[in-house]
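In this text the structure is predicted, and so the values were computed from the model without any measurement.
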Amino acid sequence: MSAKQDLIARSNRLGADPRNTNYAGGNTSAKGTETDPVTAEPIDLMWVKGSGGDLGTLTDAGLAVLRLDRLRALVEVYPGVEREDEMVAAFDYCLHGRGGAAPSIDTAMHGLVDVAHVDHLHPDSGIALACAADGEALTKECFGDRVVWVPWRRPGFQLGLDIAEVQRAHPQAIGCILGGHGITAWASTSDECEARSLEIIRTAEEFLATRGSADPFGAVRPGYESLPATDRRTRAAGLAPVVRGIASRDLPMVGHFNDSDVVLDFLSREKLPALAALGTSCPDHFLRTKVRPLVVDLPSASSLEDVLQALPTLSEAYRADYAAYYQRHALPDSPAMRGADPLIVLVPGVGMFSFGKDKQTARVAGEFYVNAINVMRGAEAVSSYAPIEESEKFRIEYWALEEAKLQRMPKPKPLATRVALVTGAGSGIGRAIALRLAAEGACVVVTDRDAAAAASVATAIGGTGRAIAVDLDVTSEAAVSAAFAAAALAFGGVDLVVNNAGLSLSRSLVETTVDDWDLQHDVMARGSFLVSREAARLMIAQGLGGDIVYISSKNSVFAGPNNVAYGATKADQAHQVRLLAAELGEHGIRVNGVNPDGVVRGSGIFASGWGANRAAVYGVPEEELGAFYARRTILKKEVLPEHIAAAVFALTGGDLSLTTGLHIPVDGGVATAFLR
């Protein structure tokens, strides 16, 4: 394989094991010679993982390709550490060819080290030594002269110069421990470089395990033990919307919940308050977790009400503390404070809530805090945890280069950070709504009585990072409550609910049985009531407002033939919209409806016998029913599930933010169903 292919294979192997580096953390490089297409002469190049990529999934597109002669020539024009940030822009003038990723801040570390292959990784074991109070001595004890200690320096051009000098001055060394940061290894071949990286990581793991104390976090605090699994999840579901509201005061957030053993053990221990207050250390960690978490330091035996009562005070204290941190270190040219809300919330006995701009970011933030827990455990096992100074953390969190990266990010989609729950979403209109809301950026809870159909739609959206499937019978109060609990555990809460589940039986009045009547009213009138009531409870607790949309029907206002039970329950739904809009507006919750008609194609209702019955009523073949409905409309157009989904998005996408209590007809134009 070529040097580039070797690099990608090595990177993927290293990145696939979380013991080696965290998600999107670290970078790898390879140097080699190719023919310059302009001069036809040999040219020395370096391929290095670019900014923002992940080693485990690295491809050609994630590499930056630079000319080594130009990159190393930057040493001669380097203006010094006070102006080292200027060198990042200079990397662009060293690029070879078009395409590829933007060079990262660590490019100099790879290019200036005069060895063909370099790995820079963030393993928990390596960072534990890097963040130990006597890390330099421990590094010497662990590795002898095979690995060299490099004191903390912010990533950048000067750190690249420092490591290049370490490599030159210590020819016996295979790499270094970077104080407060991670590890770097180097070798002349790709295989040897990978082997050296793994040697450093595994040697550090073994050292911590054999040299370390048995209880680095101290004893379990009485009363702070983990709750049983069922109780823990029930408590977490009750807390999640309130915690999400606290984390979303400045910027809306999606949540993630983690109650793994490593988290629960840390939360039960004596050293939790002190260690959590010290914050994380590795730059990759605190950029995604904030400088420190919010700790709900109450015994796990506390009631849910006690915890909920304590949260507002804890939130205000956290915000004040973060604002003071910003004020202590901000300079006149520092970026504005980005928000004072926590990204990590720790609840002893229950688990960890983490937050981000989408589900993946929220999940990764939690993973990074687990990395931080592992680092603290390792450091405390052999020494004491001593992260980098708070001022250095601020320099990185509010780094101009980091701010520029944030400003370059694409504009979020209209429903980004919103969590939608759609009933009857396994097929037809509900499926189209779920897909549209997801396409507009929402996380979606796909619910349906047909669990397989719901799972298929969730998979089509993109799996657990963007959607979950929930088996839901909307007539069951317990099932509805469980569906919202599942949403709270998966995404932190719910912001947008679509009452779409429905069915229909075409009968004349004298043929309609009590069972026919009860079934349709149970699913649509009662079901919508149960779903909306649970949605309102959660949204009020969240404090972020929200949207409830009813998929009603033209038949809510139109007196169609042989349709008494269906028309009556649709009228019930339509009036629920008005009643709830009036009641919930004070909480910022908007309630609106969509009145479809004649949605034949893809419809579960029409496929289940309703289509055949309506075709018989109107005297047309069933296969021509959609065309029949279209002909009787003003626009002469057939209504499709996607048209209903578009109306739901129009109501919830932001442009109608002051609209509530509205019904939108989506029926191709039926004059007898015009709203008056």
S.K.: Considering only heavy atoms from C-beta outward, does the side chain of M253 approach that of D341 to under 4.5 Å?
M.R.: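 M253 vs D341: side chains apart.
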
S.K.: Measuring from I246:CD1 to F355:CZ, what's the distance to the nearest 0.5 Å?
M.R.: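 Answer rounded to 0.5 Å: 8.5 Å.
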
S.K.: Could you give me the CA-CA distance, side-chain angles and deciding distance for I127 and N371, then say whether side-chain contact (heavy atoms from CB on, under 4.5 Å) is met?
M.R.: CA-CA 9 Å; I127 303 174; N371 291 133; over 6 Å; no

S.K.: Answer yes if the side chains of Q520 and D516 hold a donor-acceptor pair under 3.5 Å, and no otherwise.
M.R.: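 Note: Q520 and D516 side chains miss the donor-acceptor criterion.
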
S.K.: Would F529 and D572 count as a side-chain contact (heavy atoms from CB on, under 4.5 Å) here? Give the steps.
M.R.: CA-CA 10 Å; F529 153 70; D572 185 316; over 6 Å; no

S.K.: With a sphere of 6.0 Å drawn around CZ of R578, does it hold more than 12 non-hydrogen atoms of other residues, nucleotides or ligands?
M.R.: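 Count over threshold, so yes.
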
S.K.: Measuring from atom OG1 of T652 to atom CG of D547, what distance do you get when rounded to the nearest 0.5 angstrom?
M.R.: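 Between atom OG1 of T652 and atom CG of D547 there are 5.5 Å.
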
S.K.: Between H521 and A565, what is the shortest heavy-atom contact and its length?
M.R.: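 Here H521 and A565 meet closest at CE1-O, 3.6 Å.
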
S.K.: Is there a donor in the side chain of N499 and an acceptor in the side chain of S532, or the other way round, less than 3.5 Å apart?
M.R.: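 Side chains of N499 and S532: pair found under 3.5 Å.
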
S.K.: When you look at Y398 and M337, which way does the side-chain contact (heavy atoms from CB on, under 4.5 Å) test go after all the steps?
M.R.: CA-CA 8 Å; Y398 285 92; M337 190 171 72; 3.6 Å; yes

S.K.: Answer with yes or no whether the side chains of Q576 and S528 bring together a donor and an acceptor at under 3.5 Å.
M.R.: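 Result is no, nothing qualifies.
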
S.K.: Do D495 and R244 meet the salt-bridge criterion of a basic N to acidic O distance under 4.0 Å?
M.R.: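 A salt bridge links R244 with D495.
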
S.K.: Mind checking side-chain contact (heavy atoms from CB on, under 4.5 Å) for A479 and listing every partner two or more places apart, or none if nothing turns up?
M.R.: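 Result, side-chain contact (heavy atoms from CB on, under 4.5 Å) vs A479: L472, S476.
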
S.K.: If we count only N and O atoms by modelled type, under 3.5 Å, do the side chains of T361 and D358 hold a donor and an acceptor together?
M.R.: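 Result is yes, a qualifying pair exists.
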
S.K.: Counting neighbours of CG on D231 that are heavy atoms of other residues, nucleotides or ligands and sit closer than 6.0 Å, is the number greater than 12?
M.R.: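 For D231, atom CG is crowded (more than 12 foreign heavy atoms under 6.0 Å).
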
S.K.: Taking all non-hydrogen atoms of both residues into account, name the closest pair between V242 and A541 and its distance.
M.R.: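 Answer, listing the atom of V242 first, then A541: CG2-O, 3.8 Å.
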
S.K.: Does CD belonging to Q309 count more than 12 external heavy atoms closer than 6.0 Å?
M.R.: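 It does not: Q309 CD has 12 such atoms or fewer within range.
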
S.K.: Looking at R418 and L496, what are the two nearest heavy atoms and their distance?
M.R.: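 Shortest heavy-atom contact: NH1-CD1, 4.0 Å.
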
S.K.: To the closest 0.5 Å, what do you measure between NE2 (H643) and CZ (R436)?
M.R.: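 With rounding to 0.5 Å, NE2 (H643) is 10.5 Å from CZ (R436).
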
S.K.: If you compare all heavy atoms of V494 against all heavy atoms of Q542, which two are closest, and at what distance to 0.1 Å?
M.R.: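 In this case the closest contact between V494 and Q542 is O-NE2, 2.9 Å.
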
S.K.: Evaluate the salt bridge (Lys or Arg N to Asp or Glu O under 4.0 Å) criterion for residues K554 and D667: first the C-alpha distance (whole Å), next the side-chain angles of each, then the deciding distance (0.1 Å), finally the verdict.
M.R.: CA-CA 7 Å; K554 173 211 71 175; D667 55 14; over 6 Å; no

S.K.: Does the plane of the ring in Y325 sit parallel, tilted or perpendicular to the ring in F394? Use 30° and 60° as the thresholds.
M.R.: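 Perpendicular, since the angle between the ring planes exceeds 60°.
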
S.K.: Do the side chains of R319 and D250 get close enough for a salt bridge, i.e. N-O under 4.0 angstrom?
M.R.: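 Yes, this pair counts.
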
S.K.: Using a strict cut-off of less than 4.0 Å between a Lys/Arg side-chain nitrogen and an Asp/Glu carboxylate oxygen, indicate whether R221 and D297 qualify as a salt bridge.
M.R.: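 Salt bridge: yes.
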
S.K.: Do other residues, nucleotides or ligands put more than 12 heavy atoms under 6.0 Å from E583 CD?
M.R.: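 No, because the 6.0 Å sphere around CD of E583 holds 12 heavy atoms or fewer from other groups.
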
S.K.: Around atom CZ of R288, are there more than 12 heavy atoms from other residues, nucleotides or ligands closer than 6.0 Å?
M.R.: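 Yes, the 6.0 Å shell around CZ holds more than 12 heavy atoms from other groups.
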
S.K.: Salt bridge or not between E534 and R537? Use side-chain N to carboxylate O under 4.0 Å.
M.R.: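 The answer is yes: the pair qualifies as a salt bridge.
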
S.K.: Quick check for you: to the nearest 0.5 Å, what is the distance between F484 atom CZ and T447 atom OG1?
M.R.: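 Spacing of CZ (F484) from OG1 (T447) equals 8.5 Å.
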
S.K.: Could you walk me through whether Y224 and L267 satisfy the side-chain contact (heavy atoms from CB on, under 4.5 Å) test, starting with their C-alpha distance in whole Å, then the side-chain angles of each, then the deciding distance to 0.1 Å, before giving a yes or no?
M.R.: CA-CA 8 Å; Y224 283 74; L267 300 187; over 6 Å; no

S.K.: So, for R449 and D471, which heavy atoms are closest and what is the spacing to 0.1 Å?
M.R.: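 Distance-wise, the nearest heavy atoms are O-OD1, 3.4 Å.
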
S.K.: Has K359 got a side-chain atom pairing as donor or acceptor with V254's backbone, closer than 3.5 angstrom?
M.R.: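 The answer is no, because no donor-acceptor pair under 3.5 Å joins these two groups.
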
S.K.: Write down the atom of V498, the atom of I433, and the distance for their closest heavy-atom approach.
M.R.: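 Minimum heavy-atom contact is CG1-CD1, 3.9 Å.
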
S.K.: Determine, for D215 against R269, whether the closest basic-nitrogen to carboxylate-oxygen distance falls under 4.0 angstrom.
M.R.: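 Yes.
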
S.K.: Could you tell me the separation between the CD atom of E397 and the OG1 atom of T289, rounded to the nearest 0.5 Å?
M.R.: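 Atom-to-atom, E397:CD and T289:OG1 are 8.5 Å apart.
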
S.K.: Just how far is it from atom CG of L640 to atom CD1 of I429, taken to the nearest 0.5 Å?
M.R.: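 Rounded to the nearest 0.5 Å, the CG-CD1 separation comes to 10.0 Å.
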
